[in-house]
Every structure is written in C-alpha cells, then in structure tokens.
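Shown next, in structure tokens, is the structure this report addresses.
First listed ligand is number 1; within each ligand, the first listed atom is number 1. Along the sequence shown, the residues carry numbers beginning at 1.
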Amino acid sequence: MAAPDPARDTLAIIGAGPVGLEAAAAALAAGFDVHVFERGDVAAHVQAWGHVPMFTPWRSNVGPAARALLARHGRHVPEDDSCPTGHEFAERVLLPLAATPELAPRVHTHAQVVQVSRRGALRSDAADAPPRADRPFRLLVRDAGGRENLLHAFALLDASGVLGAPCAMGTGGIAARQELYLAPQMSYQCDDVLGLRRARHAGKRTLVVGGGAGAATLVVALAQLAREVPGTSTAWVMRGDGTRLRGERDADPLPARAALFAAARATLDDSSAAITRLTGCEVEAFEYNSATHRYRVQLAHADGARTEEVDQVIGQCGYGAERSVVRELQRAECPRTGGSQALAAALHGAGSRAEELRATLAHLSHPEPGYLEIGARAHARLGAFLLPQGHAHVEVAIAHLATLRDRAS
Ligand SMILES: Cc1cc2nc3c(=O)[nH]c(=O)nc-3n(C[C@H](O)[C@H](O)[C@H](O)COP(=O)(O)OP(=O)(O)OC[C@H]3O[C@@H](n4cnc5c(N)ncnc54)[C@H](O)[C@@H]3O)c2cc1C
C-alpha cells in the first residue's frame, strides 16, 4: 500500500477534546490518515473542570464514531440519562478512546499548534493566484521541550475549544487596571474549591466575577465550603441585575442545569452560605497587597464606586477563541463572536433554541478550502454549545472532506 501523501490524504485536527476525538474516530472510519495535535494531555480542558457534574447526560455526551470504536474494543459506555462528572467522562470515554490501537499512534499530546498557513500562499494573495486548495496546510507544531516542527496536511479541523482564552474581568470586556499583571496569580477556571483548591478558599473571602453557569457552580461550592469552614465568604459580582443568569431559562430541557441555577439562587437566601451578591457592577481595578496577600478590588456601579477586599479572585466572564493560531487563514469571522459568521448568524437567529441548532456545511465553512471549525471553537464567544452539536459538526465536516478528497483523486 502506498504511504499516505500529506498533501492529499492527511487530515490534521487541532485539539484532543471530546469533539476533536470524535472527529478523529469518524475520520479513521472514513479512511483518512488522521493526526490529532493536543497541546496538553488528552481532554485537557475537560479535566480542568473534571470535578463538576455535567448537565448533559451520558446518552448525548458520546458521539457515534467514538461509541463504535470503543465498542470494537469491548468497551461499552453508558447510554442513559445520568450525568457524569467531567473526570468520569474523560476516564470512561476520552482517555480510552485516545488509547485505542487505532488512535494511539495518531493522537500527539504535548504538541501545540502554534500557527497555521498554506504552503507557498499568503492570506493576502490575490484571488487569481494559484488555487489555495492545491497547497497543503502547513502547521508549526511545538513540543513540550520547545522544539518546533513543520507538518503538512490537505485538510484541517480546528477543535481547539475556548477554555484557553478566558475573557477579562474589566469593564467592556478588556482587562481591569492591573488585571493583566496579576492574572497569573488569579484564576479564570471553574476551580475545585471543595477539593484540590480547598486550602486557597477555606476561611477566606473569594471574589467571583461573572453571571453564568461557571460562576453559579463556584458560588454553590463556596457556599458549601462556608458551611464547613467558618470564616469562608464570597463576593459575587455580576454585570446584570441578576434577574436571569446567563444560560438560565424557563422550562430548561436539562434538569441538572436548572437545578444548578436554582441552587445558586438559594445560596442568596441562606445566611450560612455567606454570599454577598453585587449586581450591576463591573471591575475597574485590582490592587494586590503583598504584605497581607489580599486584593483591593475597585468596582464601578451606577450608584458610585465600591471597594471589596478579598483573598482570592476567580473570573468567570466567558471564553473566546485563540485567533492567533489561524490568523494567516482566510476566515469569515463574526465580529460579535469570533466564530464562523454564518454559524453565528444562524445561532443568533435561533434565539433561545440556539442549543438545538444543528449546523450545516454552509454554517461551518470558511473561504479557506479544506478548513472547518468544529466543537466549542465554532461557537466561540457565543457559547450556547452542547456536545450533540459538536457531534453534528463532525458528521458534516468529515462528509465534506471525504467529498473533497474523492474529487481530487
Ligand atoms: C464547568 C463546565 C461544565 C461544562 N459542562 C458541559 C456539559 O455538561 N455538557 C456539554 O455539552 N458541555 C459542557 N461544557 C462545555 C464543554 O467544555 C464542551 O462541551 C466540550 O469540552 C467541548 O469540546 P471540544 O472538543 O469542542 O473542546 P475542548 O474540550 O475545549 O477541547 C479542546 C482541546 O484543544 C486543545 N488545544 C487548544 N488549543 C490548542 C493548540 N493550539 N494546539 C493543540 N491543542 C490545542 C486543548 O488543550 C483541549 O484539550 C462545560 C464547560 C465547563 C467549563
């Protein structure tokens, strides 16, 4: 059998999260020479919030290609309505999937895709230049030791997610004063405050900034910590008036998510939870006192300025997409979300039913031939992403790339 020709057969995928791995399994089944590049460990982003119970159930978390590949190796994954934690999902599905004999040599961990271009073509080349589709993608990939390699592929799926690009906490979405300087010692993740990060928060005051599911998860956990350890308290800052949290909806089809928002609201009426909610507030500035190890946080409110003194800060203001990796590709980007323009328009059009929208090829495509964004990366800043949508992205993307490949041969 002829060795795969990278310029014709190789499909590169950025990210070994649930959607990148589902795409790899589907690509194998479709006969691609697929390679996945993951900058951390397999499922790095899911593991970062692994202690959190998911609000989508087993039956919708695992895609058909992953399920089929695991079944071939005698691994049967639950298909019921119970919700795993992120760790359970990773341990029962994502890690075994990446370790199958078929995928193990194709999933390259600690391999960060730094930048992508096309061989011999600039993003700015005129429309009458040689067709871009004839020029393979060129990936600059860096390993854990800092060594860099250039690799080629005929098609590229970006499944890099959004967790690597948290939004800043300051007014208008830019960093507050001193936020960029202090960011390395603050957190932008849904930390495990009852487990791994307990010592940082027990008996301390924590500032949580944000008004969505991530902030709600943290507030519920910090309320539990306050009941267990005297002196623990939380200042919960949000931009809105708190009438409705981001992602909260009437008659939520996901009972676990409805229960999370209800639990977060219940903490506000419970004095043992020690939560102070500060609505209509935005962060103006941080100041860190290295003698007391405390932050003074300046907040802007319609009624005037307010200062909070806290020991820890966690930002949960949403996530965007790391655009520097693909900045040399021809993308049609939505100015609001940073994701695909067509998909963003469809998702905005779907309103409260955005999570049910199943993307088409027109939604996922960019002017760059052979390049598609899938998974949470496709929704980018908009959010409203659930795994079944990512599985649908994979189906559309692999069918399209198979057509391109077959047409070229
Ligand atoms: C607290 C929390 C709870 C959630 N609960 C749910 C839920 O119940 N149900 C649900 O559907 N969704 C949930 N989500 C959203 C969830 O994150 C996504 O559904 C899912 O992880 C998206 O999968 P993905 O493969 O698109 O991206 P990710 O899981 O984010 O994976 C992207 C991967 O790409 C890698 N990567 C990024 N950049 C590069 C690069 N340049 N080079 C190489 N590798 C790179 C990352 O390390 C990561 O492993 C939750 C999110 C959070 C934060």
For [atom], grab the closest protein heavy atom and report residue, atom and distance to one decimal in Å.
atom	value
atom 9 (N) of ligand 1	T56 OG1, 2.7 Å
atom 8 (O) of ligand 1	F55 N, 2.8 Å
atom 41 (N) of ligand 1	V113 O, 2.9 Å
atom 30 (O) of ligand 1	H45 ND1, 2.6 Å
atom 31 (O) of ligand 1	G17 CA, 3.5 Å
atom 34 (O) of ligand 1	G15 CA, 3.1 Å
atom 27 (O) of ligand 1	G161 CA, 3.6 Å
atom 25 (O) of ligand 1	V19 N, 2.9 Å

Numbering the atoms of ligand 1 from 1, which are under 4.0 Å from a heavy atom of [X]?
X	value
I14	39 (C), 40 (C), 42 (N), 43 (C)
L386	10 (C), 11 (O)
A159	32 (C), 33 (C), 34 (O)
V46	21 (O), 29 (O)
F385	19 (O), 22 (C)
F37	43 (C), 44 (N)
M54	7 (C), 8 (O), 9 (N)
A376	22 (C), 26 (O)

Identified side chain to side chain donor-acceptor pair (under 3.5 Å) counterpart of Q312 within the set R200, R205, K204: R200

N or O contact, [X] vs ligand 1, cut-off under 3.5 Å:
X	answer
E38	yes
L387	yes
G375	no
N61	no
G40	no
R39	yes

Looking at side-chain heavy atoms only, is the closest gap between [X] and [Y] below 4.5 Å?
X	Y	result
L222	H201	yes
F137	F154	no
F32	R405	yes
L207	V209	yes
C167	R381	yes

Side chain, backbone, both or neither: which part of A111 comes within less than 4.0 Å of ligand 1 when only heavy atoms are counted? backbone

Please classify the W49 to ligand 1 contact at 4.0 Å (heavy-atom distances, strictly less than): side chain, backbone, both or neither. side chain

Cationic N near anionic O, under 4.0 Å, [X] to [Y]:
X	Y	result
R331	E373	yes
R123	E328	no
E287	R294	no
R257	E355	yes
R177	E179	no
D33	R106	yes
R296	E309	yes
E102	R72	yes

Give a yes or no on whether atom 15 (C) of ligand 1 lies under 4.0 Å from any heavy atom of the protein. no

Out of A23, P53, A378, P18, who is nearest to atom 23 (O) of ligand 1 when you count heavy atoms only? P18

List the steps, then state whether ring-ring contact (aromatic ring centres under 6.0 Å, His included) holds for H87 with H51. CA-CA 6 Å; H87 284 319; H51 58 286; 7.0 Å; no

